[in-house]
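Taking it in order: structure first as structure tokens, then the write-up.
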Protein chains: 2
Amino acid sequence: MTESNTTLVRVEVLAVVLAVRPITRQVEILLWQRGRDPESGRWALPGGTLLPAETVDESMARQLAQKVDLTRVAHLEQIGVFSAPDRSPGVRSVATGFLGLVPAHEDPDLPADTGWHPLDRLPPMAFDHAEIAQRARHRLRGKLSYTNIGFALAPREFTLNALSRIYRAVLGHEVDATNLQRILTRRGMLAPTGTRAAPGPAGGRPAALYRFTVTEYRVTDPFAAFRPPE
Amino acid sequence: MTESNTTLVRVEVLAVVLAVRPITRQVEILLWQRGRDPESGRWALPGGTLLPAETVDESMARQLAQKVDLTRVAHLEQIGVFSAPDRSPGVRSVATGFLGLVPAHEDPDLPADTGWHPLDRLPPMAFDHAEIAQRARHRLRGKLSYTNIGFALAPREFTLNALSRIYRAVLGHEVDATNLQRILTRRGMLAPTGTRAAPGPAGGRPAALYRFTVTEYRVTDPFAAFRPPE
DNA sequence: ACAAAAGTGTTCGCGCTACACCCATGC
DNA sequence: GCATGGGTGTAGCGCGAACACTTTTGT
């Protein structure tokens, strides 16, 4: 209980930044390639060390803004603490992992060593970062169906078809645009903008554009069972 | 990015240990009363500092076993990192909060300064521990309906009435024992033991005893919508 | 006119809630 | 017998999946 012989550790924050990229229509993760040892050449999650005057959440937001020019992270949440004693060499280091979501069609200026990679074919990863990425993937999948977290992956305005492609990329299976509309509408999450998108080159009816009414994280379907009466 | 001028911090683990106590039929939390400054007299969550050779999860389990003789914690999960710079005086300290669940009818030997308190009328709490407790409460409520987390609150064998009282205590509203049985049975979580409980003093049909078939955490109802086909 | 793509409506079924009814035991 | 409590059955319905049908555009 005395603080004298307490071991001190380095606290770092690491972000699994995900986006559904318009070109590939896949979930991709933001990684940077290490230029020096240890683990030189391997790919790492963006992040860094906690400063004295900030919380881990503040630190994570700051580091994303500073290092990879990501100011428009639409959602940022903790996914867990990674603390295996041998997870990195040198000073004992404990990491708080985060899930960060960037809307499609955002294309931030990235440093030269930084880029997007498909989440289901990760390059050789540094330290325990692959494990953290997998945890984030799992969290995102789980929350997509009972929260409004999809808003953080969609652009500000979108057609229902485009939105269903985003859901499909995350979940890995077909998502009916029809049902998607009804479910999100019933939950009060979807509003038509009144405008329409331009039709494709082969013609076709122009799609209506929609917007999410709520742009902050919210649990929209909290109870699988044991709902409170009324 | 050099490690030379990196600030080092103390990493601690803190547990919100909850149980539905048979006497009060309420959710109660395990707290100990601080005997010295800072925050002398206030109540604190059990926990302590991370050791060099352990993960935070291992540390939490160890500290609960050592300090409050809690070896039978049926469920232990991280609920988040609490890292406000001024959350405690002295060395910068970052806490990983845990939710721990103890089955009803367990009555571990506790130190003299340690005891159970009703969760919805917390005594004066030290540091940011009240906030951590609230987070844990919220997590438990949320997960009760779509996971099997209830197993960690129930004794090894129980009547359906007793189980429904446990669910009621956590959720704060009525839970129909009839429907509870059907739902848990359908999810394959419930098995009758074949034995029966003794009837109450006023008579009445003796209740059948049940057991949970699965005694590890599992998500039983992962999709509110967008289920994968087949 | 025809193809292409979007939007609407309908059917179906599952799973949860509510509640009535039947069963077993003590007095 | 009656009171007490446990267990079973059933009706209703909200929600989501699947899919056919209609509407609007370009060629």
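So that the names make sense, note that chain A is the first sequence line, chain B the second, and so on, each numbered from 1. Computation of the quantities below employed the complete heavy-atom set of this structure, encompassing side-chain atoms and omitting hydrogens, waters and symmetry-equivalent molecules.
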Distance-only donor-acceptor pairs under 3.5 Å for side chains of residues 187-196 of chain B, two or more places apart:
residue  : atom : partner  : partner atom : Å
B/Arg187 : NH1  : B/Ser145 : O            : 3.2
B/Arg187 : NH1  : B/Thr220 : OG1          : 3.2
B/Arg187 : NH2  : B/Ser145 : O            : 3.3
B/Arg187 : NH2  : B/Asp221 : OD2          : 3.1
B/Thr193 : OG1  : B/Thr195 : N            : 3.2
B/Thr193 : OG1  : B/Thr195 : OG1          : 2.7
B/Thr193 : OG1  : B/Leu209 : O            : 3.1
B/Arg196 : NH1  : B/Pro206 : O            : 3.2

A/Arg196 CZ to C/dA4 P, in whole Å, measures 21 Å
Quick note, A/Ala207 side chain, CB onward, closest among C/dA6, D/dG6, D/dC19 is C/dA6
Atom CG of A/Leu180 and atom P of C/dT8 are separated, to the nearest Å, by 14 Å
Exercise. Under 6.0 Å between ring centres, would you say that holds for A/Tyr146 and B/Tyr146?
Worked result: yes
Checking D/dG7, C/dA18, D/dG5 against the side chain of B/Tyr210 (C-beta onward), the nearest is D/dG7
What residues 181-192 of chain A contributes to the DNA chain C interface at heavy-atom separation below 4.0 Å is A/Gln181, A/Arg182
One should read off an interatomic distance between B/Ser83 OG and A/Glu58 CD, to the nearest 0.5 angstrom, of 7.5 Å
Of the listed C/dT25, C/dA6, C/dA24, the closest approach to the B/Arg205 side chain comes from C/dA24
note: A/Phe226, atom CZ; C/dT17, atom P; distance rounded to Å ~ 7 Å
Does a donor on one side chain sit under 3.5 Å from an acceptor on the other, for A/Thr178 and A/Arg182? no
Taken to the nearest whole Å, CG/B/Asp221 to C1'/C/dC14 is 12 Å
B/Arg227 atom CZ is separated from D/dA18 atom C1', nearest whole Å, by 14 Å
note: A/Leu209, atom CG; C/dA6, atom P; distance rounded to Å ~ 12 Å
Distance col, row A/Thr96:OG1 vs A/Leu14:CG, nearest 0.5 angstrom, shows 8.5 Å
message = Side chains of A/His129 and A/Glu131: any donor to acceptor distance under 3.5 Å?
response = no
query: Looking across every strand, which nucleic acid part, if any, lies under 4.0 Å from B/Ala224 by heavy atom: base, sugar-phosphate, or nothing?
result: sugar-phosphate
*Using a 4.0 Å heavy-atom cut-off across all strands, classify A/Ala208 as base, sugar-phosphate, or nothing.*
sugar-phosphate
Q | Side chain A/Asn179 and base D/dA18 donor-acceptor under 3.5 Å | A | yes
Requested in this report: Establish whether the base of D/dT8 is bridged to the side chain of B/Thr178 by a donor-acceptor pair shorter than 3.5 Å.
Outcome: yes
Rounded to whole Å, CG of B/Asn161 lies from P of D/dG7 at a distance of 8 Å
B/Asp176 CG to D/dG12 P, in whole Å, measures 18 Å
Comparing nearest nucleotides in DNA chain C, the 5'-proximal residue of the pair A/Gly204, A/Ala225 is A/Gly204
Of the listed D/dT25, D/dC19, C/dC16, the closest approach to the A/Pro206 side chain comes from D/dT25
Notebook entry, point to check: Ring centres of B/Phe82 and B/Phe127 under 6.0 Å apart?
Noted result: no
